[in-house]
A.B. asks: 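Structure in C-alpha cells, see below.
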Amino acid sequence: MIVEQIWTANSGRNFNYLIACGETGEALAVDPLDHAKCLDPLDHAKCLEAAKAKGWTITQILNTHHHRDHTGGNDQVVAATHAKLLAHANASDQIEGIDRGLRAGDVIKVGRTVELECLDTPGHTMSHICVRSRGDVPALFCGDTLFNAGAGNCHNGGHPNELYNTFAAQLAKLPDSTLVYPGHDYISNNLRFTLDREPDNAKAKELLPAMERQDTTKALVTTLALEKEINTFFRLSSPSVIKRLREAFPDLPEHPDQKTVFLKLRELRNKW
Ligand SMILES: [Zn+2]
Ligand SMILES: [Zn+2]
C-alpha cells in the first residue's frame, strides 16, 4: 500500500489522500476537493494531478462523510476517471451518486495488494466511515472523527455521545502502531488545547514548536501510540486532566467516568 497525503492549502486545512496498489497502480481517492475550495486556482484537482504525476489510475473515491469539504471534488474526479463513488450506506440522501454503500466490516480492495476495512464511526456526523488498512503497517483514514491531537466537532449533524462511543469502542482498541491520516491539519491548535487541559503534558509541550513550524506538504504522520500521549480525548484517566476539569466543573466527582470526562472536554473545546 502506498499512501500519498495531499495538502490542499485551503482555508479549511484539508488533507486529501491517494491510497494506491504498488503492483497495479490503481488508486482510491479519499475526500477529493474541488478547485472552489482552494486558495490558488492552480491548486485545483490536486488528487487528479497527484495521480497523474505518480502514473496511478483513480478507480474509486471514498467520501468519509457528507460535508461539502469532503465531497466537493466528486463530480470532477468521476468525470475525469469514471471512478466509482463509495460512502456510508446511510449517506445516500446526503451524497449524490453513490455507487457502493458501505457498512461496518465491508472491505474495499484497491488493485491486488490493498485491503481497507470499513469502520462505522458516528459522532462528527451520524453516517461517517473510517477505513483501516490490513497488512504490515496498519493505517487509519479517519476523516473528521479523529484529528492529530484532537477530535472532530459535533456541530453539523453529529453527537458527542456517539463520538465518545466511537473513540472508546473502536479507535482506542486499534493497534498502537496504527498510522493516523486525518481529514484536516489542526495539530498545532489541538496541541495548545491539550496543554490548556494538561499543562504538564511533556510530549505535547515538546511537539508544539516543531508543529507550528512544520511544512504541511510533508506533515507529521502520527501513530495511535503517540495520539494516546498527546491527544486529550484519549487521556480520560489522566489525573491532571481530571484535576483541571474539576476546576472548570466543580460538581464533577473526584473520579469521574471516562465518558463524562470526554463529554466535558468536548464541551470545553467547543468554546475554546
Ligand atoms: Zn466534517
Ligand atoms: Zn472536514
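Counting starts at 1 for both ligands and their atoms, in listed order.
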A.B. asks: Of all N/O/S atoms in His184, which lies nearest to the Zn ion (ligand 2)?
C.D. replies: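 Of all N, O or S atoms in His184, the Zn ion (ligand 2) lies closest to NE2.
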A.B. asks: Is the shortest side-chain N to carboxylate O distance from Arg192 to Glu212 below 4.0 Å?
C.D. replies: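 Salt bridge: yes.
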A.B. asks: Between His65 and His124, how do the two ring planes meet: parallel, tilted or perpendicular, split at 30° and 60°?
C.D. replies: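 Because their plane-to-plane angle is over 60°, the rings of His65 and His124 count as perpendicular.
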A.B. asks: Between Arg235 and Asn231, is any side-chain donor less than 3.5 angstrom from a side-chain acceptor?
C.D. replies: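 Arg235 vs Asn231: no donor-acceptor pair found between side chains.
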A.B. asks: Pull up every protein N/O/S atom sitting under 2.8 Å from the Zn ion (ligand 1), skipping waters.
C.D. replies: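 Correct list: His65 NE2, His67 ND1, His124 NE2, Asp144 OD2.
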A.B. asks: Is there a donor-acceptor pair closer than 3.5 Å between any side-chain N or O of Glu227 and the backbone N or O of Ala149?
C.D. replies: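 Yes; judged by distance alone, with no hydrogens or angles, the pair exists.
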A.B. asks: Below 6.0 angstrom between ring centroids: does that apply to His67 and His128?
C.D. replies: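 No, they do not, as the ring centres are separated by 6.0 Å or more.
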A.B. asks: Would Glu247 and Arg244 pass as an ion pair if we require N to O under 4.0 Å?
C.D. replies: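 Yes.
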